[in-house]
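The structure appears below as structure tokens.
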Amino acid sequence: MKSEGFEPAVVVETAHNFQASLNHGEVLEATTSTRMAKQLAERFGGDPSSADWRHFGRLAGFTNPKPERRLPSGVPPFARLRSAKGRVYSRAAEFLAHIAQDEQHQRENVTDEQSHKRKRGPNEGVAVRPLKEFHDDATYAGDLHRADMAWAKDAAGCGLTLEQISEELLNGRDLSKKGSRKWQF
């Protein structure tokens, strides 16, 4: 990482694994942070399942409780701080620009796809299945909240408006136990 200009701000060792954290020089949105983490994990052989904005890694001084990481003595290993420079890595600006460009291309592609779908209206005009069918469907095992959500998604795909969906859900079953109408939706 260092030789390629991605000098870690912090390196923590945990059970013969190393976790590197980078300082991008600014706070990033969750989607951007995750995209960066995934690309870095792929590039440097990191764990892709831990490459996410929510995964901060182990905290030095604490133990790694995973059973497969236990030492031969049976005790969990401590996470050790190996480096803490805190500096922004050399290629941060370049990498951020690359990610921003990728995100822009993705947004343009999504916008094009959405525009194409709106023009075609793939499910518009398709009959909406009755809400009761979803309530009675064994898939939802009597969980009417899940059935309502599934029906709403299906109805929206068939072209119903938010107002039409809301009205059907409010009238589809007795929600009086939730209080007045304003609390029901």
Smallest separation among heavy atoms of [X] and [Y], with atom names:
X     : Y     : value
Asp52 : Ala37 : N-CB, 3.9 Å
Leu22 : Met1  : CD2-CE, 4.0 Å
Lys38 : Pro48 : NZ-O, 3.0 Å
Glu4  : Arg91 : O-CD, 2.9 Å
Val12 : Ala79 : CG1-CB, 3.8 Å
Arg69 : Ala15 : CD-CB, 3.7 Å

Ignoring hydrogens and angles, tell me if any N or O in the side chain of Asn23 forms a donor-acceptor pair with the backbone of Gly86 under 3.5 Å. yes
Between Gln19 and Arg58 (side chain of the first, backbone of the second, donor and acceptor by atom type, cut-off under 3.5 Å), is there such a pair?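 Yes, Gln19 side chain to Arg58 backbone: donor-acceptor pair under 3.5 Å.
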Hydrophobic cluster membership, with links at side-chain heavy-atom distances under 4.5 Å among I/L/V/M/F/W/Y: are [X] and [Y] in one?
X      : Y      : value
Leu169 : Leu144 : no
Phe95  : Phe44  : yes
Val10  : Phe18  : no
Leu160 : Leu131 : yes
Leu28  : Phe6   : yes

Is there a side-chain hydrogen bond (donor to acceptor under 3.5 Å, both in side chains) between Glu29 and Thr32? Walk through the geometry before answering. CA-CA 5 Å; Glu29 291 184 17; Thr32 301; 4.9 Å; no
Run the numbers on Leu96 and Glu26 for side chain to side chain contact (heavy atoms under 4.5 Å, CB included), then give the verdict. CA-CA 10 Å; Leu96 282 167; Glu26 61 183 89; 3.6 Å; yes
Please determine whether side chain to side chain contact (heavy atoms under 4.5 Å, CB included) holds for the pair Met36 and His24, giving the CA-CA distance in whole Å, both sets of side-chain angles, and the decisive distance to 0.1 Å. CA-CA 10 Å; Met36 292 177 83; His24 303 295; 3.3 Å; yes
I want to check something: taking the side chain as every heavy atom from C-beta on, are Asp137 and Arg129 in contact at a cut-off of under 4.5 Å? yes
Heavy-atom check, side chain of Phe134 versus side chain of Thr139, under 4.5 Å: no
If you draw a 6.0 Å radius around CZ in Arg43, do more than 12 non-hydrogen atoms from other residues or ligands fall strictly inside? yes
